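Proteins come first, then strands; the chains are lettered A, B, ... in the order of their sequence lines, and each starts at number 1. In this text the structure is predicted, and so the values were computed from the model without any measurement.
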Amino acid sequence: MQEDYKPQEIEPKVQKEWDELNINKAKIDKDKEKFYCLSMFPYPSGKLHMGHVRTYTIGDVIARFQRLKGKNVLHPIGWDAFGLPAENAAFENKTSPRDWTLKNIDQMRSQLKQLGFSYDWDREIATCSEDYYVWEQWFFIQLYKDGLVYKKKSLVNWDPVDKTVLANEQVIDGKGWRSGATVETKEISQWFLRITDFADELLEDLELLKDHWPDNVITMQKNWIGKSEGTIVNFDSDIGNLEIFTTRVDTLFGVTFLAASMNHESIKQCDANIIKFCETNKNISQAGDDQKSLLGIFSGKYATHPFTKQKIPIWFANYIVDDYGTGVVMCVPAHDTRDFSFAKKYDLEIKEVIKGKSDTLPFISHGTLCSSGDYDGLESKEAMKLINKYLISNNLGSVETKFRLRDWGISRQRYWGCPIPMIYRDDGEVMPVDESELPIKLPNDIDFTVAGNPLDHHESWKYTKCKLTGKDAIRETDTLDTFFESSWYQARFACPTENTSMLNNDANYWLPVDQYVGGIEHAVLHLLYARFFHKLLRKKNILKDKEPFKSLITQGMVLKDGSKMSKSKGNTIDPQDLVEKYGADTVRLFIIFASPIENSLDWSDKGVEGSYRFLKRFWNLAKEVKSYSSKEDSEEYSKDEINFLSSINLTIKKVSNDIENRYSLNTIVSSCMESTNLFIKEIKNKRIRSKIINDYFMKLIIILSPITPHICYEIWNQFDKKDNIFKQKWPVPDKNYLEIDDVVFIVQINGKLRKRFELNRNLKENDIENIVLNDDDIKKYTDNKEIVKVIHVKGKLVNIVIK
RNA sequence: GCCGCUGUGGUGGAAUUGGUAGACACGUCAGACUCAAAAUCUGAUUCCCGCAAGGGAGUAACGGUUCAAGUCCGUUCAGCGGUACCA
């Protein structure tokens, strides 16, 4: 065994041996339980950053653990390779997005290999390859045929200089993030996916994920889907029937005005000055419900209350959302905060119809109805039922469910993405390309010197013919949102080279992903889209399960000095430098040890030193264990030996639970450190015979190996020349030593710790009391006091209650 | 605003079912080894009083339940995350 721990020598050597052993290759094996472990694949932005290292280390620890547990593990990796940064880089460096992306992939692949992650590299996927996106195009066509894809006009952020659509997060203070030009809202025609058809299913199936996904992610998805049950009420008015949507029909008698969105169609029937007012004010930012930002105008028209037949003024207001509900709202200022502010500002009537705990308005909770005709005295819930019943039977309304979730806009006016396989024929026909023409390849000869989407002015690509009719046609030049690629990659990893279909039956063997690992920032979009896609694939009988990701871990961000690492702040830590200095095992160990995985992690170089120090100690311990010898005279285990066995077996039990049930990886490291310290101490004391030390040290190596695989593999080979560490089984604690006879009881007086006693755990309560109450130290407290009672907790504690 | 989460030493954090608060580390201090430094090893390290033995306080604040509360309940404060006129 080498004198000193030299990771720079060990790690490359060991990694080469792993490649030769081919241990990471995943094959279908129906005799074994499968385990699919997946970390969110990276965008190939250039170099690996610490956030990547964290996600992939967590995934690797779990994958390696499950292999030791005897599971058949799939642990793949790939590249989310389409996306805007490649275009920007191409624009700035005059390279092609493809070359830039492929170069980055090469660099990051070698970095991942250096860190020793146990991927099945034969399954590597890059989403920008035709073999991958051809199936997306095929699937898009199927969805189109099923009516799940449609085109409609929608408002987008438009950068007039770059001639491109910007995502909301790319608009900073109303200006384009790159051009600095004032962003315009523009209405353009885009492709949409009918995710709203699946709103109920996406909501209901969250139940299946309960206890396996973090609660906050489930809540965020629930809120995002935003299901609310309410009532549509018809108001007769000067401008025809107006439908409104409300979740509080119990407040119907408190309606003092109606408010419509400034985009509402009824506006056409109003005076020119009103139309003009709405035109100028409809796009004004509407943040906050303070009176200043609330804007409205009286339409001059009236509606009739369905019950009281009173005249109710109709207003246009900027706080009414056009595309939620019906775009018209019944306003009850006494019981809604925004209606209240609006009524105050424009001096409108406020009519109280619910009495509750508080007298201050607006009172927005449920309560008892008043001033509500026949419904006075009823509780809100009961009143809603009866009012709904009346409205329905008199054709004045209906009960309906609304969702906040919008259909998914998937068009991007970009080059570096999957081409949408549609054509616009000369005769006006919009249709998918013939499936035999797939894939519609992204051209490589593009011109980035002209602003806008290069596909738009690539004439030989754009102008084409319809295969069926031979008629002239123009290709769709929009490409797909890159969330499209990341919505099904987890399934494709099961059969990455399948070239006759999108997915084959292997996907149904490996899916669902048993453990998914990734950042919380994907809590809604990616995870919702992937769930949706899975349901689409299920509907097409391609996949069987209901959900793609059985269990989810969301890890926190890696920070430096309390803020996010970024190039502009100059506070980045390059994993490469650290790996070169300390080795991959130290980096992996530190990133696991420093913090629970869901917390954010503030990077500290000092902490890395500490992890490195531990591995050196572990290495030196291995050397000592190898040369350790002791007298082997007695058959019976000594008390020291029993304590030692108890301690290590309890550690095995705890660590197994930590990794398997609690996802508490940092405490695994602490436990291994404690055990290491115990071994060092006991070797020095020479009280434990060498067979025990040897046997249990081997178990300790296995326990630590998912986190620091290189050093553990190397040390293992020093002890066991026949079988390497991958052939071993995760240790099972020996039950004989989990509950030993002599344990430390703590004795409390009135809940305060006073003394520790080493006693046999099986002693009767009476005997314990005799020993404890006759102890001189305890007597000091109990003399001249009345003992009210004594509480026993078996094997642990005695609490004496005195007065 | 609404929804969710979190508040523990100088720092990261541990305490899994209500039962020894501060494990394991980092940092700091002291000591050993060394001509010296690095590395390594040993010890101390929540705060207050005390030479010590020992005693007291203590998990954001206040209150409650309990023999016993970091853990459960209520109120307040602070921070983080999501979302925003969604009727």
A:Asp605 CG to B:rG12 C1', in whole Å, measures 14 Å
Reading 5' to 3' through nucleotides 24-33 of chain B, protein heavy-atom contacts under 4.0 Å coded B for base, S for sugar-phosphate only, - for none:
BSSS------
On a whole-Å scale, what distance lies between the P atoms belonging to B:rA69 and B:rG58?
11 Å
Residues in side chain to side chain contact (heavy atoms under 4.5 Å, CB included) with A:Glu352, at least two apart?
A:Ala334, A:His335, A:Lys355, A:Leu361
Can you tell me the distance, in whole Å, between the CG atom of A:Leu678 and the P atom of B:rA23?
17 Å
Separation between the P atoms of B:rA23 and B:rC47, rounded to whole Å
12 Å
Considering only atom C1', compute the distance from B:rG7 to B:rA60 and round it to an integer number of Å.
6 Å
Reading nucleotides 68-74 of chain B from 5' to 3' and marking B where a protein heavy atom lies under 4.0 Å of the base, S where only the sugar-phosphate is that close, and - otherwise, the string is S------
Would one find more than 12 heavy atoms of other residues, nucleotides or ligands at under 6.0 Å from atom NZ of A:Lys385?
no
Find the distance A:Ile232:CD1 to B:rA87:P and express it as a whole number of Å.
13 Å
With A:Tyr346 as reference, evaluate A:Phe340, A:Trp315, A:Phe316 under the ring-ring contact (aromatic ring centres under 6.0 Å, His included) test and give the passing residue.
A:Trp315
Under the rule for side chain to side chain contact (heavy atoms under 4.5 Å, CB included), what residues qualify as partners of A:Asn599, not counting sequence neighbours?
A:Ser595, A:Pro596
Distance check, rounded to the nearest 0.5 Å: A:Thr326 atom OG1 versus A:Glu400 atom CD?
9.5 Å
Heavy-atom nearest nucleotide on RNA chain B for A:Arg756 versus A:Ala594: which residue maps closer to 5'?
A:Ala594
Test: ring pair (Phe, Tyr, Trp, His ring centres under 6.0 Å). Region: residues 656-684 of chain A. Which pairs qualify, not counting sequence neighbours?
A:Phe644-A:Phe679, A:Phe679-A:Phe697
Salt-bridge criterion met for A:Asp783 and A:Lys779 (N-O under 4.0 Å):
no
Compute the centroid of each ring, for A:Phe618 and then for A:Tyr5, and state whether the two points are separated by less than 6.0 Å.
no
Please report the distance, rounded to the nearest Å, between CG in A:Leu753 and C1' in B:rG55.
14 Å
Non-neighbouring partners of A:Arg531 that pass salt bridge (Lys or Arg N to Asp or Glu O under 4.0 Å), sequence neighbours left out:
A:Glu547
To the nearest Å, how far apart are A:Tyr324 OH and B:rC85 P?
13 Å
Determine the contact category for A:Val793: base if any of its heavy atoms lies under 4.0 Å from a base atom, sugar-phosphate if only primed atoms, P, OP1 or OP2 are that close, otherwise nothing.
base
Of the nucleotides B:rC67, B:rG19, B:rA87, which has the atom closest to the A:Leu797 side chain?
B:rG19
Which of residues 251-262 of chain A have a heavy atom under 4.0 Å from RNA chain B?
none
Mate of B:rG1 across any strand shown (Watson-Crick or G-U wobble, both atom pairs under 3.5 Å) is B:rU83
Return the pairing partner of B:rC77 with a 3.5 Å limit on both distances, Watson-Crick or G-U wobble; otherwise return none.
B:rG7
Atom-pair distance (NZ on A:Lys210; P on B:rG4), nearest Å:
14 Å
Less than 4.0 angstrom from a charged side-chain N to a carboxylate O is my criterion; do A:Asp4 and A:Lys616 meet it?
no
Cationic N near anionic O, under 4.0 Å, A:Glu229 to A:Lys402:
no
I'd like the C1' distance from B:rC49 over to B:rU65, given in whole Å.
34 Å
Any side-chain N or O of A:Ser228 under 4.0 Å from OP1/OP2 of B:rC86?
no
B:rG19 OP1/OP2 closer than 4.0 Å to side-chain N/O of A:Lys796
no
Could you check which of B:rA87, B:rC67, B:rC3 has an atom nearest any side-chain atom of A:Thr219?
B:rC3
With A:Thr256, which residues qualify under side chain to side chain contact (heavy atoms under 4.5 Å, CB included), at least two apart?
A:Pro333, A:Glu349, A:Lys351
Using the P atom in both, what is the distance from B:rG70 to B:rA84, to the nearest Å?
40 Å
Can you list the residues that meet the salt bridge (Lys or Arg N to Asp or Glu O under 4.0 Å) rule with A:Arg754, with sequence neighbours excluded?
none
Are the aromatic rings of A:Trp603 and A:Phe590 close, with centres under 6.0 Å apart?
yes
For A:Glu265, side chain to side chain contact (heavy atoms under 4.5 Å, CB included) partners two or more places apart
A:Lys268
Please evaluate the base of B:rU40 for a donor-acceptor partner in the side chain of A:Lys616 within a cut-off of under 3.5 Å?
no
A:Tyr781 side chain, from C-beta outward: closest of B:rC85, B:rU83, B:rG55:
B:rG55
Using the C1' atom on both, measure B:rU8 against B:rA61 and round to a whole Å.
15 Å
For B:rC26 and B:rU40, measure between their P atoms and round to the nearest Å.
10 Å
Side-chain-base donor-acceptor pair under 3.5 Å for A:Asn223 and B:rU83:
no
What's the closest nucleotide to the side chain of A:Thr667 if the choices are B:rA87, B:rA15, B:rU20?
B:rA15
Under the rule for salt bridge (Lys or Arg N to Asp or Glu O under 4.0 Å), what residues qualify as partners of A:Lys755, not counting sequence neighbours?
A:Asp775, A:Asp777
Report the distance from atom CG of A:Leu294 to atom P of B:rA87, rounded to the nearest whole Å.
17 Å
Please check the phosphate of B:rA84 (OP1 and OP2 only) for any side-chain N or O of A:Arg338 closer than 4.0 Å.
no
When you compare the protein's N or O atoms with those of nucleotides 5-11 of chain B, which come within less than 3.5 Å of each other, and at what distance?
none

Please classify the nucleic acid contact of A:Asn657 as base, sugar-phosphate, or nothing, using heavy-atom distances under 4.0 Å.
base
Quick one: is A:Lys752 getting a side-chain N or O under 4.0 Å of the B:rA57 phosphate, OP1 or OP2?
yes
Nearest-nucleotide pick for A:Arg406, side chain only, options being B:rC86, B:rG13, B:rA15
B:rC86
Starting from C1' on B:rG4, measure out to CD1 on A:Ile520 and report it in whole angstrom.
10 Å
Would you say the rings of A:Trp408 and A:Phe483 are close, in the sense that their centroids are separated by under 6.0 Å?
no
